[in-house]
There are 2 protein chains.
Amino acid sequence: MNAPQAVGKQGRKWDQVLEGARTVFMRDGFEGASVDDIVRAAGVSKATLYSYFPDKRLLFLEVAKVECQAQSDAAVAQVEGSDSIRGALTTAAKRMTRFFMSDVGLQVHRIIVGESQRFPEIGREFYESGPARVHEILRMFLKKSVEAGHLDIDDIDLAADQFPELCKAGLHLKLLLGLREPPTDEEIDRVIDGAVDLFLCKYERRR
Amino acid sequence: MNAPQAVGKQGRKWDQVLEGARTVFMRDGFEGASVDDIVRAAGVSKATLYSYFPDKRLLFLEVAKVECQAQSDAAVAQVEGSDSIRGALTTAAKRMTRFFMSDVGLQVHRIIVGESQRFPEIGREFYESGPARVHEILRMFLKKSVEAGHLDIDDIDLAADQFPELCKAGLHLKLLLGLREPPTDEEIDRVIDGAVDLFLCKYERRR
DNA sequence: CGAGATATAAACTGTCCAGTTCAGTTTTTT
DNA sequence: AAAAAACTGAACTGGACAGTTTATATCTCG
């Protein structure tokens with residue numbers, strides 16, 4: 001009567017704990033979430049939670065890591081399959097931007113930034129499993145395109161940093177601070193198209 | 001019968017309180033700073049602090065506001081007095097970027113982002129006295145330059161959002177998360193020059 | 001000087017919360 | 001079925017910390 005085993009199973013309530021933690025952390029932030037809230041949401045006893053995770057911080061770290069990895073995994077697949085440079089960049093931008101602007105993306109960002117002082121390894125984990133992967137994917141794509149003669153870029157690393165930044169233009173900070181409603185698709189497209197136009201105007205091989 | 005408003009110089013220790021609060025908040029963040037630490041740093045009694053500020057949150061709000069305003073005031077002056085467009089943008093970028101990357105700028109950003117959920121007005125105040133002013137200055141500068149025929153920009157608001165974003169490329173997030181040392185002047189120049197080049201490549205009137 | 005405003009130290013209140021403990025129950029394994 | 005492992009619930013500990021109170025002191029200005 002063995003159900004197919006979950007990978008890395010440390011106990012039967014592992015997933016329940018993570019899911020409850022995700023819910024509460026995303027709703028209330030790190031400080032705002034109490035462990036009692038989490039165990040309640042998870043439907044699990046406090047002792048069980050503490051048998052999996054030595055403390056609240058590491059529990060959060062796990063939640064954030066899982067969240068970021070899921071996202072940037074999904075991103076990798078999509079950039080590859082596109083014909084034109086412009087199309088590929090637009091596709092990448094869309095996915096990236098949608099995550100930046102999503103409730104979960106914003107909340108992870110808020111918490112990580114807020115806590116990175118007290119817990120430096122949280123910042124590191126987040127960076128590695130999110131922004132660093134985006135940078136890497138983009139860098140490789142640009143490099144290939146330069147070698148193929150489609151783009152003309154001097155400083156590829158800089159360009160790979162500029163593009164995601166352009167995708168945030170105006171919207172991201174305002175959302176982060178809770179100063180506006182989620183953008184409509186039109187607003188996102190305006191920013192993305194602007195980003196791609198600006199980017200390609202300089203880096204597209206003209207001759 | 002008005003209760004003494006939170007903000008209003010009403011005693012000789014006002015500045016001392018603010019200075020102590022600035023020190024401790026910048027060092028420890030909002031949650032990390034205890035009011036007892038602050039009064040100790042300020043050389044003031046707790047009762048005095050609470051006679052000026054009804055609570056910790058409003059004290060922090062005041063500190064952040066003062067900090068941002070000082071910065072963006074300084075910025076306004078400099079953009080005006082520059083001959084070329086490129087020169088003006090470079091100057092603006094330098095000042096902006098230096099603040100983004102400074103310890104104080106980063107710490108204000110961290111705290112505000114971290115707390116904006118729980119205290120929405122903190123986010124608003126910060127945005128108005130910092131990013132919004134930068135946007136406004138830049139927008140007016142671009143508008144004038146377009147009217148003078150030096151630039152050719154379709155969506156001025158978007159462009160005014162793109163430029164500051166470009167100035168962060170790569171460095172800002174890493175610093176925010178404590179993942180690297182403060183950048184050297186060369187590194188900052190690389191990012192700034194890259195930003196100005198990219199920006200002007202598209203928006204400079206070519207004909 | 002002297003009155004009112006301002007400041008002080010220190011103890012105190014009340015609350016919140018991370019993490020522990022343990023006696024007892026349920027589930028899994030053998 | 002019996003042993004082992006996982007889980008529960010609830011109470012408890014210890015510490016942190018925002019904000020209050022009080023009795024006392026010092027400054028400022030008419």
Side-chain angles (χ1 to χ4, degrees), chain A residues 1-21 23-25 27-64 111 114-115 117-119 121-122, chain B residues 1-21 23-25 27-64 111 114-115 117-119 121-122:
Chain A
M1 213 202 266
N2 279 344
Q5 282 215 0
V7 232
K9 167 182 172 182
Q10 343 241 341
R12 42 197 158 98
K13 307 267 172 128
W14 175 271
D15 290 341
Q16 241 171 291
V17 171
L18 266 195
E19 182 49 31
T23 304
V24 178
F25 279 135
R27 192 186 60 217
D28 300 336
F30 180 79
E31 293 288 346
S34 83
V35 175
D36 289 286
D37 286 348
I38 292 174
V39 301
R40 212 172 304 127
V44 132
S45 82
K46 216 171 174 178
T48 299
L49 185 151
Y50 277 104
S51 82
Y52 292 155
F53 297 95
D55 60 36
K56 187 186 173 186
R57 192 173 48 88
L58 286 177
L59 171 57
F60 173 72
L61 194 55
E62 185 63 24
V63 170
I111 300 177
E115 303 300 327
Q117 285 300 277
R118 256 188 293 196
F119 314 122
E121 69 279 24
I122 273 186
Chain B
M1 299 288 147
N2 286 348
Q5 262 314 333
V7 185
K9 288 197 179 186
Q10 31 188 315
R12 30 192 172 103
K13 306 269 173 122
W14 175 272
D15 290 341
Q16 241 170 296
V17 172
L18 266 195
E19 181 51 30
T23 304
V24 179
F25 278 135
R27 192 187 58 216
D28 300 335
F30 179 78
E31 293 289 348
S34 84
V35 175
D36 289 287
D37 286 348
I38 292 174
V39 300
R40 212 172 303 126
V44 133
S45 82
K46 215 171 173 180
T48 299
L49 184 151
Y50 276 104
S51 81
Y52 291 155
F53 297 94
D55 60 36
K56 187 186 174 186
R57 192 173 48 88
L58 284 177
L59 171 58
F60 172 72
L61 195 55
E62 184 63 24
V63 170
I111 301 177
E115 302 300 326
Q117 285 299 277
R118 257 189 295 198
F119 313 122
E121 69 279 23
I122 273 186

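Naming: A, B, ... by sequence-line order, numbering from 1 per chain. Side-chain atoms are counted along with the backbone in the values below, which use heavy atoms only and exclude waters and symmetry mates.
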(message) Generate the contact string for nucleotides 9-29 of chain D. Rules: B means base contact, S means sugar-phosphate contact only, - means no protein heavy atom under 4.0 Å.
(response) B--------BBBB-----SS-
(message) Which residues pass the side chain to side chain contact (heavy atoms under 4.5 Å, CB included) test with B:T23, not counting sequence neighbours?
(response) B:E19
(message) Please tell me if A:K13 has a side-chain N or O lying less than 4.0 Å from either OP1 or OP2 of C:dT27.
(response) no
(request) Take the protein atom CD1 of A:I38 and the nucleotide atom C1' of C:dG19, then report the distance between them rounded to whole Å. (result) 13 Å
(request) Please give the angle, rounded to 10 degrees, between the axes at the start and the end of the helix from C:dC1-D:dG30 to C:dT30-D:dA1, where five pairs define each axis. (result) 20°
(request) Take atom CZ of A:F53 and atom P of D:dA6, then tell me their distance rounded to the nearest Å. (result) 15 Å
(message) What is the separation between atom CZ on A:R40 and atom P on D:dT8, rounded to the nearest whole Å?
(response) 15 Å
(request) For A:R57, enumerate each residue passing the side-chain hydrogen bond (donor to acceptor under 3.5 Å, both in side chains) test, keeping only those at least two apart in sequence or located in another chain. (result) A:E121
(message) Could you tell me how far apart A:Q16 (CD) and C:dT27 (C1') are, to the nearest whole angstrom?
(response) 14 Å
(message) Can you measure A:W14 atom CH2 to C:dT28 atom C1' for me and round it to whole angstrom units?
(response) 20 Å
(message) Restricting to side chain to side chain contact (heavy atoms under 4.5 Å, CB included), what partner residues turn up for A:E31, sequence neighbours left out?
(response) A:E115, A:R118, B:E31, B:R118
(request) List in chain and number order the residues that pass ring pair (Phe, Tyr, Trp, His ring centres under 6.0 Å) with B:F119, two or more places apart in sequence or in another chain; answer none if no residue qualifies. (result) B:F30
(request) Please identify each residue that fulfils side chain to side chain contact (heavy atoms under 4.5 Å, CB included) with B:A64, with sequence neighbours left out. (result) B:F60, B:I112
(request) Tell me what A:Y52 touches on the nucleic acid: a base, only sugar-phosphate, or nothing, going by heavy atoms under 4.0 Å. (result) sugar-phosphate
(request) Return the set of residues passing side-chain hydrogen bond (donor to acceptor under 3.5 Å, both in side chains) with A:S51 (not counting sequence neighbours), or none when no residue passes. (result) none
(request) Step by step, work out the side chain to side chain contact (heavy atoms under 4.5 Å, CB included) result for A:Y50 and A:V35. (result) CA-CA 10 Å; A:Y50 277 104; A:V35 175; 3.6 Å; yes
(message) Strictly by salt bridge (charged side-chain N to carboxylate O under 4.0 Å, His left out), give each pair with a member in residues 39-50 of chain B just once, sequence neighbours left out.
(response) B:D36-B:K46, B:D37-B:R40
